[in-house]
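To keep things clear, I will list the structure first and then write my remarks on it.
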Amino acid sequence: MLFLPNRRTFLASLPATALIGCSSQPKIVPVSGTVLIDGELLTHGFVQVAPEGFRPATGKLGKDGRFTLTTLKLNDGCSPGTHPVAVIATETLGPGSQKWHAPRKYASNDTSGLTATVSGPTNDLKIELTWDGGKPFVQSFSDVKE
């Protein structure tokens, strides 16, 4: 037998339903900035800021080295707090290779050692990387070991 609530039951349940989930989303503030590697602007790749328990914010690096983070809506920013950061700085050269514009360690939140503190809206978040004596390199996909 199919149960269809009467109109009064349905209307009485609306306020409770409308409140569920409204307060579980963290506040999001506008965040943009630059990525530097050994003092020079990085112009290829993406930035990912990963708040614990919430969707990561990402931003593509422009030719000027700037990024603007997006979490839920385009360029809306990131939730406040101190969060792990990854910088995925690769450029596809063809079907069999890519160029790394920053060390691979920065491509993962687990290995980058980077964090960003967002205390409010900002347009000057600075993420600094280093080659530690290395330099950009080309990786052939046949070089990848599984």
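Since this is a predicted model, take the numbers as computed values, not measurements.
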Exercise. Strictly by modelled atom types, are T82 and T117 linked by a side-chain donor-acceptor pair under 3.5 Å?
Worked result: yes

For this session: Find the distance between CG (D64) and CG (L41) and round it off to the nearest 0.5 Å.
Result: 7.5 Å

Exercise. Are a donor atom and an acceptor atom from the side chains of T130 and D38 found within less than 3.5 Å of each other?
Worked result: yes

Exercise. For Q48 and T58, what are the C-alpha separation, side-chain angles and deciding distance, and is it a side chain to side chain contact (heavy atoms under 4.5 Å, CB included)?
Worked result: CA-CA 4 Å; Q48 181 185 64; T58 59; 4.0 Å; yes

Seminar exercise, completed: Heavy atoms of R66 and S32 approach each other most closely as NH2-OG, 3.3 Å

For this session: Hey, could you give me the NZ/SG distance between K27 and C78, rounded to the nearest 0.5 Å?
Result: 12.5 Å

Exercise. T122 and L125: which non-hydrogen atoms are nearest, and at how many Å?
Worked result: OG1-N, 3.9 Å

Exercise. Do E52 and H83 have a side chain donor and acceptor closer than 3.5 Å?
Worked result: no

For this session: Looking only at non-hydrogen atoms, find the nearest pair between V35 and V87 and report the distance.
Result: CG1-CG1, 4.4 Å

Exercise. Can you name the nearest heavy-atom pair linking H44 to L61, along with the distance?
Worked result: O-CD1, 3.4 Å

Seminar exercise, completed: Between the CG atom in D110 and the NZ atom in K105, the distance rounded to the nearest 0.5 Å is 14.0 Å

For this session: Without swapping roles, check the side chain of D76 against the backbone of T71 for a donor-acceptor pair under 3.5 Å.
Result: yes

Exercise. At their closest point, which heavy atom of H101 faces which heavy atom of L42, and how far apart are they?
Worked result: O-CD1, 3.5 Å

Problem set entry | Straight-line distance of I88 CD1 to Y106 OH, nearest 0.5 Å | 13.5 Å

Exercise. How many angstroms lie between atom CD1 of I37 and atom NZ of K135, to the nearest 0.5 angstrom?
Worked result: 13.5 Å

For this session: Decide yes or no for K60 and F67: does some side-chain heavy atom of the first lie under 4.5 Å from some side-chain heavy atom of the second?
Result: no

Exercise. Are V31 and L36 co-members of a hydrophobic cluster defined by side-chain heavy atoms under 4.5 Å apart?
Worked result: no

Exercise. Is there a donor-acceptor pair closer than 3.5 Å between any side-chain N or O of D124 and the backbone N or O of G33?
Worked result: no

For this session: Would you sort out whether I127 and T34 count as a side chain to side chain contact (heavy atoms under 4.5 Å, CB included), showing the intermediate values?
Result: CA-CA 6 Å; I127 300 170; T34 56; over 6 Å; no

Exercise. Do L129 and P103 touch side chain to side chain, with heavy atoms closer than 4.5 Å?
Worked result: no

For this session: Spell out, yes or no, whether W131 and V85 are grouped together once hydrophobic residues are joined by side-chain heavy atoms under 4.5 Å, including indirect joins.
Result: yes

Seminar exercise, completed: When every non-hydrogen atom of V49 is compared with those of L69, the smallest separation belongs to CG2-CD1, 3.7 Å

For this session: Decide yes or no for R104 and Q139: does some side-chain heavy atom of the first lie under 4.5 Å from some side-chain heavy atom of the second?
Result: yes

For this session: Rounded to the nearest 0.5 Å, what's the gap from OG on S97 to CD on E91? Could you check?
Result: 9.5 Å

Exercise. So do T68 and N123 actually touch side chain to side chain, heavy atoms under 4.5 Å?
Worked result: no

